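So you know, we letter chains A, B, ... as the sequences are listed, proteins then strands, and number each from 1. The structure displayed is predicted, hence computed values, not measured ones.
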Amino acid sequence: MFDTETTGLNPLTAELVGIAFSWEVGKGFYLPFPENKTEAQELIEQLRPFFESESIEKVGQNLKYDIKVLAKYNVEVKGKLFDTMLAHYLINPDMRHNMDVLAETYLNYTPISITELIGKKGKNQLSMRDVPLEKLTEYAVEDADVTLQLKEHFKNELGEANTQKLFDEIEIPLLRVLAAMELEGINLDKDFLNGLSEQLDKDIKALESKIYAEAGEEFNIASPKQLGIILFEKLKLVDKPKKTKSGQYSTAEDVLSYLAKDHEIIKNIIEFRGLSKLKSTYVDALPNQVEEITGRVHTDYMQTVAATGRLSSNNPNLQNIPIRTERGRQVRKAFIPRSEEYTLLAADYSQIELRIIAALSKEETMIEAFKNGEDIHASTASKVFNVPIEEVTREQRSNAKTVNFGIIYGVSAFGLSNQTNLSRAESKELIDTYYATYPKLRSFIHEQVDFARDNGYVQTVLGRRRYLKDINSRNAVVRGAAERNAVNAPIQGSAADIIKIAMINIYNKLQEGNFKTKMLLQVHDELVFDVYKPELENVKTLVKTEMESAFKLEVPLDVDLDTGDNWLEAH
DNA sequence: GCGATCACGTA
DNA sequence: GACGTACGTGATCGAA
């Protein structure tokens, strides 16, 4: 077992301060590293045979971090891996997985906390370098020991939860794939974003003046509190304004959009909000996230956060780059290939969640539609509105699409009527007709809820579990939420399983084939590659084949590919 | 300087 | 009476 101690959380800039080792519960040692880089490199060279040994199993807590740190020292971590954080994620995805919590829960022990060592995060926080060797040794070796003890605990529990395969064949191999993607990073066109920023600034300022004029005074539009008072006390736009749970006036988008058609100020506020969000969160923030060393943006994928099995992305979050609005999609133009010899390839699963629910429910009508390559929303519309598929109107298709997605989340008539132009009664009727059209979908949903009631959990196609402690709650609201989770988690989670398989297989093939092409991003149902142009045709075939054959369902998986000189063109 | 709240971006 | 899943980030604002 090993655990690196470094000068920071960013593996690209972090320097090794030391490494703790433990090979037997209760035993361990700590190897401090010199501050001098040449000397540090000399020391790590002596450990290279250990790290690069195929036969020595490596145990750690969040090994992706250690692997990335060591990669910057040009050391590869080979051999079998056991990550206690990943193990616990499979054992109970809804809990937290940091070592302090795990030690307290499973070993009834409280290790020395990092804040005890270096203080709370902030200006006055020390660097690991500043911690006296004796204290640091105790801390580091304790962590190593605790991790090894946790491993002893978790290796049996994985078997009991039937998730051993998922651990060995998905999460552990994926950790290496994610480390490689994160180290790679993606090229960003800063100049382009600076240009966007100036345009946005002009438009935001213009909207600001209009809003002040309409309000009759200047105030902070970005403050929901001040905005609420202007709209609902000064201008009295509605009789009974909706409040948030803390008693403020709600100025949320869905509340404001009701008022937009009658009030120019509301339209301007909605636009102001959209543009401000775009500017602050993306256009201005992204250039600051470019790493100096590489000149690229390196996200950090969280492998143990989403309870369903999905990844999440942060610093920066590259899984929520705008696409829906014309203004927003411009941001995607800033994500570009590494050089002129490269092009971006985006590959996304078409309707993967609907295909999964069709296959798992064995709903033949829907399966057939997918097998025939039909537009699934048009096909649904044609059936529920009882018109030939070529006569489906835009509105019918749109409503069918809303129901199709809603089904995956456990939508109610209320929710549907809120999302569409349909009344409550019309929504109810549509849902009833929908279930009459796809009867096995309804029984599938009930089976999931029943399974959860009987077993306390639901699972994905690969046996990834989500425990639902509230499934038998007497509180109908709480129980309803658990029931929706019982339906959604296997669907969303199975899609996550499938793309993870594809990522591992694609990564391995690109490695084996010595491709210059690199996988860069994952956005739940999409993978983005930086493709060396001479490899394009091979890579396209490889990616499509691996993604479509990652998991065999009764429904074909379909992947759309596109390339371009930026992420917008490629999508 | 922190955490809660609100709002809003994605699949 | 509430009322569709899963996330992360930025701005504000009140309490330290």
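Under 4.0 angstrom from either OP1 or OP2 of C/dT12 there lies at least one side-chain N or O belonging to A/Asn220. For the OP1/OP2 pair of C/dA6 and a distance below 4.0 Å, the side-chain nitrogens and oxygens of A/Asn485 include at least one atom meeting the criterion. In this structure, A/Thr244 reaches the B/dC6 phosphate: one of its side-chain N or O atoms is under 4.0 Å from OP1 or OP2. Between A/Arg310 and C/dA6, a side-chain N or O to OP1/OP2 separation shorter than 4.0 Å is absent. Contact between the side-chain N/O atoms of A/Lys277 and the OP1/OP2 oxygens of C/dA11 is not found at any separation under 4.0 Å. Within the 4.0 Å cut-off from OP1 or OP2 of C/dA6, at least one side-chain nitrogen or oxygen of A/Arg466 is found. Between A/Ser246 and the phosphate of B/dA4, there is no side-chain N or O to OP1/OP2 separation shorter than 4.0 Å. For A/Arg324, a side-chain nitrogen or oxygen approaches OP1 or OP2 of B/dA11 to under 4.0 Å.
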Could you walk me through whether A/Tyr409 and A/Phe405 pass the ring-ring contact (aromatic ring centres under 6.0 Å, His included) test, one step at a time?
CA-CA 7 Å; A/Tyr409 304 137; A/Phe405 286 127; 7.5 Å; no
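Atoms CZ (A/Arg464) and P (C/dA6) sit 15 Å apart, rounded to a whole Å. C/dT5 atom P lies 19 Å from atom CD of A/Gln319, rounded to whole Å. What separates CG of A/Asn418 from C1' of C/dA2 is a distance of 11 Å, to the nearest Å.
Residue contacts shown for A/Arg424 include a base, since a base heavy atom lies under 4.0 Å away.
Annotation: A/Glu217, atom CD; neighbour count of heavy atoms from other residues, nucleotides and ligands within 6.0 Å is above 12. Within a 6.0 Å sphere centred on NZ of A/Lys267, heavy atoms belonging to other residues, nucleotides or ligands number more than 12.
Checked against C/dG10, C/dT12, C/dC7, the side chain of A/Ala285 finds its nearest nucleotide in C/dG10. Among the nucleotides B/dA11, C/dA2, C/dA11, the one closest to any side-chain atom of A/Val477 is C/dA2.
The existence of a salt bridge linking A/Arg310 and A/Asp525 is excluded, since no basic side-chain nitrogen approaches an acidic carboxylate oxygen closer than 4.0 Å.
Using Watson-Crick or G-U wobble geometry with both donor-acceptor distances under 3.5 Å, C/dG14 finds its partner in B/dC2. Nucleotide C/dC3 forms no Watson-Crick or G-U wobble pair with any nucleotide shown, as no partner meets the under 3.5 Å limit on both distances.
Between A/Tyr349 and the choices A/Asp560, A/Ile498, A/Leu527, the side-chain contact (heavy atoms from CB on, under 4.5 Å) rule is met once, by A/Ile498.
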